[in-house]
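Heads up, the thing below is written out as structure tokens.
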Amino acid sequence: MLFKKIITTCPLDCFDACSLEVTVDSEGKIIEIEGNKEHPITRGFICEKGKKHLERVYHPDRLKYPMVKEEGQWKRISWDEAYNILASRMKNYMDSYGSESIAVYNYAGAAGILKNIEDIFFDYVGGMTTFYGSVCWGAGMAAQKLDFGRVLSHKPEDILNSKTVVIWGRNPVETNIHLVPYIKAAKKNGAEVIVVDPIKSASANIADRHMAVKPEGDAVLACAVAKYLIEKENYDKDFMNNYTKGFESLEKYLKEASMPELSKLCGISQKEIAEFAERIAGCGPTSIYIGYGLQRYTYGGIAVRAIDMLAALTGNIGKPGGGANYANTVGDGYIAYNIVKSRSNRPHRLVSRAMFGKAVKSLAEPPVKMLFVSRTNPVLQLPNTNEVIEAFKGIEFKVVLDHFINDTVGMADMVLPVTYFLEEEDVIVPGMWNSYVGKVEKCKDRYFEAKPEYEIYTELAERLGYGDFPKFTEREWLNMLLKPLADNGLDLKELNEKGFTKNPMAQDIPWQDKKFDTASGKFELLEPYALNECLKAVGEKQKNKYRLLTVHQRKSMHSQHMMDTADKFPRVFVNPRDAKEENISNNDVVRIFNTYGEIQARVTISDQAGPGILWMNEGWWLKNGGSVNNLTEDSVSDIGNQGVMNHCFCSIEKG
Ligand SMILES: Nc1nc2c(c(=O)[nH]1)N[C@H]1C(S)=C(S)[C@@H](COP(=O)(O)OP(=O)(O)OC[C@H]3O[C@@H](n4cnc5c(=O)[nH]c(N)nc54)[C@H](O)[C@@H]3O)O[C@H]1N2
Ligand SMILES: Nc1nc2c(c(=O)[nH]1)N[C@H]1C(S)=C(S)[C@@H](COP(=O)(O)OP(=O)(O)OC[C@H]3O[C@@H](n4cnc5c(=O)[nH]c(N)nc54)[C@H](O)[C@@H]3O)O[C@H]1N2
Ligand code: SF4
Ligand SMILES: [Mo]
């Protein structure tokens with residue numbers, strides 16, 4: 001039998017953006033998916049989710065046809081019928097209530113740039129209800145934009161120049177597996193690896209030191225370390241005096257702060273604070289890898305700004321082996337998403353993503369009558385699930401584009417089956433860590449009647465009589481979208497032939513010239529009043545006895561790979577002292593509840609987190625006892641309109 005090998009790229013919302021080698025047999029069936037050994041960053045190994053693409057693309061439960069719900073049952077319809085229903089509903093709602101009665105909710109479930117056709121289409125229509133803000137990384141993005149002007153990371157290999165590596169609220173062993181060999185190599189090179197996380201995570205297990213900071217305690221810890229270094233005069237005076245804005249007032253504020261109070265607030269002893277400070281300031285370059293869990297809090301922006309401040313103070317900005325590495329949005333502004341002119345020039349009505357439930361419910365003029373959902377599972381993944389469900393119930397017609405019937409599709413009136421990346425041509429321009437652009441190649445024929453989004457929206461435009469919406473092929477769309485990157489040197493030939501190529505906008509060591517993209521051109525330090533507000537709030541007494549942290553897990557991308565789990569209930573990890581106090585044993589089923597809702601979960605007693613902290617993985621389906629977001633608050637962070645899902649308090653009791 002003859003086999004074909006095709007190079008493509010994993011589109012999951014991941015730091016890594018792995019290059020994949022797909023083996024196809026002579027019948028056109030995919031028989032294996034492996035890592036592409038040629039890729040310099042992802043180097044031939046992939047995670048179990050990457051392997052699982054094979055199972056999911058041929059999964060018997062995959063959606064085969066468009067369907068509508070009639071009396072609670074899904075009924076197959078043709079694409080023709082689907083378009084007619086969508087076009088006539090859209091026209092009716094726009095005529096009777098105005099275009100804002102149609103809402104469009106999408107997210108990052110698949111990373112191909114052509115997947116954003118939906119935004120291009122609805123920007124073209126104009127005047128819809130759409131969503132701003134983030135449930136992922138928004139506070140930290142806003143923070144680094146304030147400090148640096150842009151959000152950039154050092155190239156992965158630069159970690160080998162570090163003498164200290166701080167993994168701050170990030171869990172690469174689960175979420176960024178290709179960073180791990182680099183961390184291990186740095187360690188072999190003599191670097192000390194320190195993990196700062198309330199949970200003794202899998203990444204803490206490969207570190208030399210774990211600092212169990214209290215949840216929301218990062219800004220406080222960073223202040224304590226900065227205070228120590230300023231008082232010892234052990235900081236980069238040249239950088240602070242010449243390349244930053246706002247140091248004088250910050251220095252004064254930190255000098256006046258009380259070290260014993262800071263130490264108590266963040267849960268790290270003064271001895272540990274001093275050791276950490278000496279290590280990151282006095283032993284050669286320190287790279288900091290900042291994660292996203294620590295900014296899903298009310299003061300998430302301040303937390304990241306305070307960590308950036310430490311990178312500045314210790315002279316680790318623009319230097320080999322340094323860096324405050326949060327994300328690497330090198331492609332931002334270089335993809336031509338604005339190539340189609342709006343037919344109406346109407347701006348969208350914008351609603352907060354993290355407050356979806358209460359915000360959508362409150363919209364009156366006009367109310368939302370129709371909702372498009374794509375590349376996301378908002379019923380599970382948005383904060384305050386019960387409010388999201390209520391909002392969904394109030395919307396007359398909901399259509400979801402997906403591969404499977406998940407909890408969001410379950411609440412919809414129509415579902416459209418989309419192709420899997422293995423059936424598509426696309427390009428991925430990663431922005432989290434890996435800075436190689438990846439090609440997505442067709443490896444197999446489409447599954448039953450599944451269609452790619454670009455085709456769905458082109459055909460819908462036709463039904464709506466929008467004659468000037470372009471009818472491009474995949475290749476034509478991609479060439480147009482990539483033009484700004486190509487104009488800046490993207491090697492399209494290499495991309496098409498090898499399946500990946502370096503993003504020409506990527507930098508090995510950002511900010512080497514110490515010229516920042518801020519208004520002042522300097523690194524802008526956080527203001528004492530904002531810091532003060534954060535410190536005061538963190539010190540306030542919490543409402544319920546337990547904090548709940550919901551973290552990402554290796555075996556699933558959010559809810560996607562939890563579809564087939566055999567577990568009847570989610571797992572909750574409880575500290576032995578709390579378990580004893582609540583009279584809870586291993587494997588007991590417990591109720592976890594607060595004012596937002598309740599879930600049932602099965603207990604694992606573990607001392608990975610200290611007393612008072614419960615933790616679970618996110619992504620559990622309603623059929624498994626409930627979304628973890630049944631318990632989370634739908635409000636936003638200080639900056640960046642970020643959901644605050646880790647700012648969560650609850651009670652626990654036996655089943
Ligand atoms: N409590 C709590 N909540 C969280 C988080 C947390 O840590 N704690 N994390 C947050 C974060 S960081 C994020 S990024 C969000 C993620 O939130 P979501 O993006 O909603 O998460 P997923 O479960 O990955 O859902 C993606 C959906 O897209 C579908 N999909 C995959 N490929 C395609 C495609 O090509 N086309 C279409 N149309 N659909 C496709 C998948 O089948 C799946 O249903 O969740 C957030 N929610
Ligand atoms: N396998 C897998 N990989 C993924 C994902 C996935 O779902 N599964 N999701 C992808 C996406 S969309 C994202 S956004 C990234 C997220 O990647 P990460 O940021 O690495 O993961 P998180 O689980 O969001 O949070 C990281 C850590 O923050 C810690 N944390 C929580 N609160 C605090 C705090 O107050 N202070 C400190 N210092 N730490 C705290 C948690 O305990 C956790 O260990 O991962 C991506 N990669
Ligand atoms: S999910 Fe991430 S680590 Fe796994 S194969 Fe895809 S890109 Fe690679
Ligand atoms: Mo995310």
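All ligand and atom numbering here is 1-based and tracks the order in the structure. Excluded from the calculations below are hydrogen atoms, water molecules and symmetry mates; all remaining heavy atoms, backbone and side chain alike, are included.
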Counting only heavy atoms closer than 4.0 Å, does ligand 1 sit against the backbone of [X], its side chain, both, or neither?
| X | result |
| --- | --- |
| T376 | both |
| Q560 | both |
| V628 | side chain |
| D13 | side chain |
| R375 | both |

Polar side-chain atom of R170 near backbone of I290 as donor-acceptor pair, under 3.5 Å: yes
Pairs where residues 374-388 contributes a residue and the test salt bridge (Lys or Arg N to Asp or Glu O under 4.0 Å) is met, not counting sequence neighbours: E118-R375, K361-E387
Of all pairs that satisfy salt bridge (Lys or Arg N to Asp or Glu O under 4.0 Å), the ones with a partner from residues 38-57, not counting sequence neighbours: E48-R554
Residues Y105, R353; criterion side-chain hydrogen bond (donor to acceptor under 3.5 Å, both in side chains); working and verdict: CA-CA 9 Å; Y105 185 82; R353 183 183 295 279; 3.2 Å; yes
Compute the shortest N/O to N/O distance between [X] and ligand 1 and return yes if it is under 3.5 Å, no if not.
| X | answer |
| --- | --- |
| C136 | no |
| Y107 | no |
| R296 | yes |

Go through ligand 1 atom by atom and flag the ones less than 4.0 Å from a non-hydrogen atom of [X].
| X | value |
| --- | --- |
| T550 | 1 (N), 2 (C), 6 (C), 7 (O), 8 (N) |
| N629 | 1 (N), 2 (C), 3 (N) |
| H552 | 5 (C), 6 (C), 7 (O), 9 (N), 12 (S) |

Short N-O contact, E598 and R591, less than 4.0 angstrom: yes
From the candidates V379, D402, L416, the one that places a heavy atom nearest atom 41 (C) of ligand 1: D402
Heteroatom count (protein N, O or S) under 2.8 Å of atom 2 (Fe) of ligand 3: 1
Side chain to side chain donor-acceptor pair (under 3.5 Å) involving T8 - partner list, sequence neighbours excluded: none
Output field: ring centroids Y292/H552 closer than 6.0 Å: no
Candidates W477, F469, Y454 - the one meeting ring pair (Phe, Tyr, Trp, His ring centres under 6.0 Å) with F121: F469
Any donor-acceptor N or O pair under 3.5 Å, side chains Y83, E459: yes
Mutual orientation of the aromatic rings belonging to H403 and Y420 [parallel < 30°, tilted 30-60°, perpendicular > 60°]: tilted
Chi angles and distances behind the ring pair (Phe, Tyr, Trp, His ring centres under 6.0 Å) call for F45, H178: CA-CA 8 Å; F45 68 96; H178 294 87; 4.1 Å; yes
